[in-house]
Amino acid sequence: MDLRSTLNLPDANATIPMKANLPILEPSIFVGWEEQQIYHRIQQSRLGAEAFVLLDGPPYTNSPIHIGTALNKILKDFVLKSRTMMGYRTPYVPGFDNHGLPIEQAVAKKFAEKKITPTVLELRKACRAHAAEYCEIQTKQFKRLGVFGLWEKPYQTMDYRFEAGIVRVFKRLVAGGHVYKGLRPTLWSPTSRTALAESEIVYRDHVSKAIYVRFPLRTDPDQLLTKFQNVHTIIWTTTPWTIPANLAVAFHPEMDYAVVRVNGRPGPAFAEETDETATYVILDALVEKVATTLGWKNFEVLEQFPGLNLTGVEFSHPIFDRPSISVMADYVTTEDGTGVVHTAPSHGRDDFYTGQKYGLPVPNTVDERGVLTHEAGEFEGTFYKNCDTVVVNRLLEVDALLSVKDFHHSYPYAERDELPVIFRATEQWFVAIDPMRHDMLTAIEEVNWVPPQGQNRIDAMVRHRPDWCISRQRPWGVGIPVFYGAKSRVPVLDETVIEHVARIIEAEGSDAWFERSAADLLPAGFIHPATGETEFEKETDVLDVWFDSGAVSLCVLEGEVYPEWKEHYPADLFFEGSDQHRGWFNSSLVLGMGCRAVAPYKAVVTHGFVTDGEGRKISKRLGNGVDPVVAADQYGADVLRLWVASVNYENDAPVSDAILKSVGEVYRNVRNTLRFLLGNLGGIPADAAVTLELDHWVCEQADLLVADVVDAYARYDFGAVTTAVNQFCLNQLSKFYLDAIKDRMYCEAQESAERISGQAASAYVLERLVTLVAPILPFTAEETWQKMASEGVVPATFSVHAELFRQPSEERMAEIEASPRQVHFAALRALTDEVAALFEKWKVGAGIKNGEDAVVRLPEVKQAGLESFSIAELALFLRFSWVEIGGEEIAFESSPYLRCERSRLRRPDVSVVVIDGAEVPLSARDRRVIGV
RNA sequence: GGGCUUGUAGCUCAGUUGGUUAGAGCGCACCCCUGAUAAGGGUGAGGUCACAAGUUCGAAUCUUGUCAGGCCCA
């Protein structure tokens with residue numbers, strides 16, 4: 001007789017295959033999702049439910065996605081899928097950031113390769129095409145990773161209506177009085193007369209005139225220096241042409257400065273010695289060096305004090321009769337010069353911000369050709385480079401020049417024409433931060449920052465950020481909708497005018513700003529409200545791309561751009577990399593506060609960066625990155641997602657081939673557990689009920705797991721989710737429960753109460769497990785769910801992702817809390833571990849390899865708490881054929897009983913029966929089941 | 001150089017307010033099973049908790065410094 005055929009072995013056809021073959025499986029599941037418009041159906045299934053709004057931070061569309069983008073998107077997808085299964089409606093409008101320099105440069109490069117010089121409009125069209133191409137590619141890639149969303153109507157910052165939305169956000173800022181025009185230094189090419197971006201600059205060896213210039217003391221409120229004779233400070237600079245723009249001298253607040261008395265010095269012509277006695281304030285650490293450079297022979301340090309003491313002191317500009325105030329700056333170094341830094345807010349980034357801090361003006365001393373203007377006084381009309389002699393000679397005349405030398409250093413050149421550039425003050429549009437700063441800081445406190453350190457970070461950023469310069473002198477962006485009187489150059493900042501422009505852009509895109517004339521963009525017959533002019537010119541600057549993305553919360557959630565995007569404002573959650581404290585969190589906050597006086601988010605979760613297996617940053621140069629789509633096609637998107645779930649995203653997330661391989665092992669453990677559970681459910685009756693203690697226990701365990709895991713999802717702790725699920729599959733199921741029920745699942749009669757109880761419990765557990773893993777393993781969960789449905793384990797539904805987590809009620813949790821099973825089985829698990837370890841030692845000497853060939857004897861004390869289990873049950877739990885109670889300690893012996901041919905167990909009730917003429921040892925249960 | 005941050009077994013991570021012998025999964029070694037089988041099970045080896053000093057009866061945990069990463073600035 002073929003005993004094997006009388007068993008109820010797992011049915012490989014009734015469950016998912018062991019080998020997932022995810023790279024093939026996932027695309028086929030994806031096709032099903034696409035066909036039934038999964039995102040929409042899920043949203044429909046939650047109509048009327050409370051909304052959970054995650055606002056997508058847009059990836060930049062100049063390349064395919066990289067592993068960091070994938071990490072971010074997958075984390076967001078975990079949030080959305082898990083919130084859906086908690087019962088929320090979870091609208092998700094994915095977005096793309098389209099404007100900006102990197103795209104422009106990529107496109108410019110293509111033109112350059114073809115030796116074409118595009119017009120602004122040609123360039124813009126090419127940029128748009130380039131961005132569109134990568135929107136499409138990235139969309140495909142995100143979908144491949146299993147991310148659900150409104151992919152057919154994402155927001156794109158270059159979408160005509162979105163561009164109009166950006167313009168309208170600008171309008172609201174204007175209305176609120178937040179926008180002003182000011183000056184700011186930019187890298188400027190005098191030869192091509194344009195502003196340049198940092199990335200258009202190369203550094204070349206360059207010879208400059210380095211000069212030491214002294215500034216006489218002017219006012220000294222604390223009488224710190226007045227007791228000395230002929231007091232000056234000395235600055236060093238390599239740009240003589242910026243001297244006319246000098247407004248301050250910077251000291252380091254913490255470093256020590258020396259008051260040096262110098263007797264005699266080389267005279268103005270550096271030839272003869274003079275007998276002048278002068279006192280100089282310079283950095284203490286540089287006194288020797290300066291003395292050597294300036295040829296001091298007789299000098300003495302009289303006093304030292306930290307730079308901070310010089311607060312409030314003013315020196316005099318060496319040429320003009322005006323003060324050069326002392327300012328404190330921490331970028332002062334001990335490397336070159338005197339430790340006192342010449343500060344011209346028009347001609348350096350540091351200088352500018354320091355100037356802002358001290359309320360200094362930004363004189364426009366150099367025009368677009370590089371020629372000094374009337375604001376440079378007597379130097380008006382001088383080409384900046386000629387200042388090397390003109391200004392230097394004048395300094396000599398006024399006896400302020402202490403030294404002049406050629407100086408070799410690296411200096412910024414324009415990449416385009418390989419000619420030097422200068423920092424020059426140019427007119428720019430700004431959003432004023434100061435009036436909002438206090439409210440922004442208050443709003444930050446109201447937001448839930450996860451992890452909490454994020455709050456420190458954004459607080460510091462907002463506290464110290466200067467006004468936001470929103471002008472960019474670039475072609476690829478949304479034009480700033482401002483007109484100037486053609487003659488007066490007085491700007492028109494008018495809401496009606498901006499709205500008029502917005503309507504045009506809505507229909508024609510922001511190209512219209514570049515295509516149409518000013519007259520064609522203004523309302524008919526428009527008259528300058530301030531000057532009465534009727535001729536106008538357009539602003540040529542575009543908005544900073546951070547303005548585009550900062551406007552996203554308003555453009556998307558308010559539903560003015562597309563009504564189907566409308567959701568409550570502020571969003572419930574922003575979830576981005578920690579670099580966005582400076583970026584998107586900041587720009588969104590400014591625009592949110594500026595337009596609605598409210599932060600655009602209730603909570604902000606941040607994640608770290610992806611590193612390689614050694615924790616090093618990923619760089620193109622090292623080639624240590626992992627391509628997310630390649631990884632998905634090799635290991636499976638579910639494995640990549642499981643990697644995301646298993647790292648602690650609050651820190652940096654290491655990834656490598658080896659790491660993904662080990663994640664693959666965890667995946668297989670979960671998958672096989674699902675597979676085995678489902679494989680045992682063949683023929684499960686619709687009214688299957690749990691009746692046995694062990695089965696009740698495992699259901700309780702499953703409920704505890706659900707409560708735990710849902711809580712972890714709610715805290716965005718996906719690592720805890722993964723650990724809990726993995727441990728449960730391994731420790732509770734594979735190592736114990738599934739092993740313990742095998743005997744009855746295989747050997748009992750198909751319709752026996754014991755077997756059906758096991759099936760009922762397995763189904764209960766499976767249903768919970770598959771829903772819990774669905775957010776992280778969407779493909780595998782869907783595959784399993786649909787198989788469950790086709791096997792009649794669950795009712796057929798369109799997707800597991802529309803299901804709810806099977807959360808236990810409070811009553812159920814209380815019942816489990818009080819359940820004696822929890823105590824009994826905890827005792828049992830401790831006992832199985834103890835017995836297994838002892839058996840391992842015993843079997844070596846006994847020549848027995850398998851617990852099935854042995855009997856274990858347990859002292860009565862060891863049975864404490866386990867009295868409710870029969871001997872046969874105990875034996876199965878302990879993985880032995882038989883158990884005896886008695887003796888002083890745990891002991892083993894070779895089993896004296898016959899081995900049942902069917903159940904493979906050696907038990908006292910095994911006896912030999914004759915079947916078809918053959919002698920077969922069978923246990924009482926097995927004889928009963930097969931009816932012999 | 002500054003702000004924020006990280007460093008616990010080969011790898012990924014836990015480690016509650018300082019309190020027994022620092023845990024888990026993966027990997028590794030040995031063994032079992034061959035009725036979850038390109039699966040499953042058992043046992044075990046692996047850690048000066050980056051390093052150094054300090055506070056404390058007691059430190060992975062608190063303080064300071066050093067080293068090495070990461071993000072953002074300069």
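When reading the values below, keep in mind they use all heavy atoms of this one structure, side chains included, and skip hydrogens, waters and symmetry mates.
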Would you list the protein and nucleotides 32-34 of chain B atom pairs, both N or O, that sit under 3.5 Å from each other?
from  : atom 1 : to     : atom 2 : distance (Å)
B:C32 : OP1    : A:K849 : NZ     : 2.5

Under the ring pair (Phe, Tyr, Trp, His ring centres under 6.0 Å) rule, what pairs show up with a residue in residues 830-856 of chain A, not counting sequence neighbours? A:F839-A:W842, A:F839-A:F880, A:F839-A:F892, A:W842-A:F892

Between B:C71 and A:R457, counting only base atoms on the nucleotide and side-chain atoms on the residue, is there a donor-acceptor pair under 3.5 Å?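 Yes, a donor-acceptor pair under 3.5 Å.
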
Any N/O donor-acceptor pair, A:S734 side-chain to B:A36 base, under 3.5 Å: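 Looking at the base of B:A36, it does pair with a donor or acceptor on the side chain of A:S734 (distance under 3.5 Å).
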
Are A:R675 and B:A36 close enough that a side-chain N or O sits under 4.0 Å from OP1 or OP2? no

Taking OP1 and OP2 of B:C26, is either one under 4.0 Å from a side-chain nitrogen or oxygen of A:K661?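 No, outside the criterion.
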
Base, sugar-phosphate or nothing for [X]? Non-hydrogen atoms, less than 4.0 Å.
X      : result
A:I659 : sugar-phosphate
A:R463 : nothing
A:A658 : nothing
A:D350 : sugar-phosphate

Which residue, A:Y716, A:F575, A:W643, forms the ring pair (Phe, Tyr, Trp, His ring centres under 6.0 Å) with A:Y649?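 Going through the options one by one, the only one that passes is A:F575.
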
Of all residues at least two apart in sequence or in a different chain, which pass the ring pair (Phe, Tyr, Trp, His ring centres under 6.0 Å) check with A:W449? A:Y601

